[in-house]
Amino acid sequence: MTSLLFPCSKRKFRQNFILTIEAISALCYNVNMIDINDVWNDTLSQLAAHVSANNYSLWLERLSPYVVKDNVLYLTAVDRVKKQTEKVYLPQIKTALNKVCPSFSDVKILLPEEADALGAGDDFFSGELVIKTEKKEEKSAFLPKYTFDTLVVGESNQMAYHAARAVSENPGSNDRFINFNPLFVYGGVGLGKTHLLHSVGNYIHKNYPSLKIVYHTSEQLINSFYNALQASNKTKSMNDFRSFYHNIDVLIIDDIQFLAGKKELQNVFFHIFNELYQLGKQIILSSDRHPKEIETLEDRLISRFSGGLMADIGQPGLEMRVAILKKKMQFEKIAVNNDVVYYIAERIDSNVRELEGALLKVILYAQLIGKPYPDLDTAKEALKIADNGKNEDIDSTKIIDAVSDYYRIGKNELLSKKKTKEISDARMIAIYLVHELLSLPLVTIGQLFGGRDHTTIIHARDKISQKLKDDERTKREIQDIKSMLSISG
Ligand code: ADP
Ligand code: MG
């Protein structure tokens with residue numbers, strides 16, 4: 001439920017689409033474990049019900065979560081958006097945020113340069129929040145909506161599912177004929193890896209409450225590692241970092257591919273892994289690719305990661321996509337006709353997150369135009385508007401021109417083989433944007449950029465995706481170029 005394209009204020013919409021307060025509170029209890037983007041996305045979902053579609057996309061959608069410090073959520077925005085939002089929406093934002101999570105004491109909006117000045121000190125993680133009540137700390141780290149019950153099993157994920165079930169029923173057991181330790185689940189974005197990992201976590205938490213489970217996104221792992229490295233008493237903080245993993249029974253790390261290039265962390269993680277493994281503790285990892293394809297992952301880690309059960313998750317077929325939509329409708333208590341369900345499932349075939357997003361857009365659009373349930377025409381109209389809204393006649397030439405203008409680097413140089421830092425950084429941004437905005441095949445993008453190999457394209461795309469996680473400057477530059485192309489966000 002990230003971007004609500006057609007927010008509306010009807011009651012039914014709210015009942016169906018805004019996360020229930022319980023679910024939201026569960027999210028809040030575990031903010032330590034959750035990216036602040038999740039908290040912000042849920043806050044936006046709350047706000048969407050109270051703000052017109054226009055104002056929502058003009059102002060609120062242009063705010064970006066930056067950091068949590070002393071229980072204050074800091075957002076960033078360009079000057080115009082900051083002024084208008086502070087003038088009109090700040091109280092509403094605070095109310096919505098506190099509905100999502102009462103532990104926040106305030107929200108502040110910073111200009112990018114103010115955010116840089118605020119920095120990210122060593123005493124907090126970007127998503128950390130001090131939770132106030134006792135009860136909350138006892139809650140599970142896992143999203144209640146991600147369980148085996150809400151997961152549709154089909155050809156594309158059955159191996160991963162069965163392995164995950166086996167591990168959940170008997171975590172860390174070394175008596176099996178097949179070794180399930182570690183369980184390494186890999187597959188493309190939006191195909192259900194996180195859902196599966198949370199399902200394992202929820203299952204173990206419920207059925208083996210005495211087991212200590214740690215779930216980290218690799219971003220959290222990376223943040224806490226670098227915070228420990230930068231602390232004033234490094235020896236103590238590194239010992240604390242390692243000993244945090246000593247007494248746990250199940251370790252789950254999501255999106256381990258981000259360990260690529262982090263040599264020191266890989267080294268420390270290798271020892272944590274070995275220690276847990278030797279004690280028969282269950283380790284579960286996910287990645288968007290096979291360990292061998294994770295660039296700069298040490299050989300000894302590749303071999304450890306591949307030493308248990310490797311299970312890939314592929315793209316779901318049509319019937320499975322239909323089943324996923326139906327499951328989603330059942331969970332959200334929404335009814336949509338079969339022909340509409342098939343229409344959506346046929347159109348979106350590569351990513352379950354997008355599939356769910358399309359269903360949401362169709363239903364919101366029907367609400368907006370006053371139809372209790374969407375019919376086929378409404379669905380077609382809704383998805384057409386969504387498509388148009390997305391990339392109004394943008395093509396690769398426009399993207400390359402915009403990047404060339406922005407960095408004041410000639411177009412020919414961008415497409416050339418020149419490797420000076422300035423040119424190759426700008427080229428990687430251009431490649432990233434062409435990939436993100438046009439979803440062209442990698443080989444085609446390679447051809448557009450002077451006949452480059454598709455692996456070069458993957459490298460550029462991944463490098464920028466990685467930078468976008470922690471480099472404010474890259475984030476800002478990409479946002480600026482997108483605004484030049486008249487795309488928000
Ligand atoms: P990933 O971690 O692989 O990027 P997620 O686990 O975040 O993907 O899945 C994206 C969305 O798609 C989530 O809302 C998830 O619940 C849903 N989803 C993915 N696969 C399935 C499935 N097999 N059954 C039900 N929902 C699914
Ligand atoms: Mg994920």
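When a ligand or atom number is given, it counts from 1 through the structure's own listing order.
Ion pairing between R353 and E356 fails under the 4.0 Å rule for side-chain N and carboxylate O. Between E332 and K328, at least one side-chain nitrogen of the basic residue sits less than 4.0 Å from a carboxylate oxygen of the acidic one, meeting the salt-bridge criterion. Using a cutoff of 4.0 Å between basic side-chain nitrogens and carboxylate oxygens, K212 and D249 are not scored as salt-bridged. Under 4.0 Å is where a charged nitrogen must lie from a carboxylate oxygen, and between E295 and R289 no such pair does.
Proximity of a side-chain donor or acceptor of N207 to a complementary backbone N or O of Y203 within less than 3.5 Å is detected.
If you look at H198 and Y215, their ring centroids are closer than 6.0 Å.
Within 4.0 Å of ligand 1, the residues that place a heavy atom are Y146, T150, L151, V152, N157, G188, V189, G190, L191, G192, K193, T194, H195, M320, I324, V352, R353, E356, listed by chain and number.
The Mg ion (ligand 2) has an N, O or S atom of T194 inside 2.8 Å of it.
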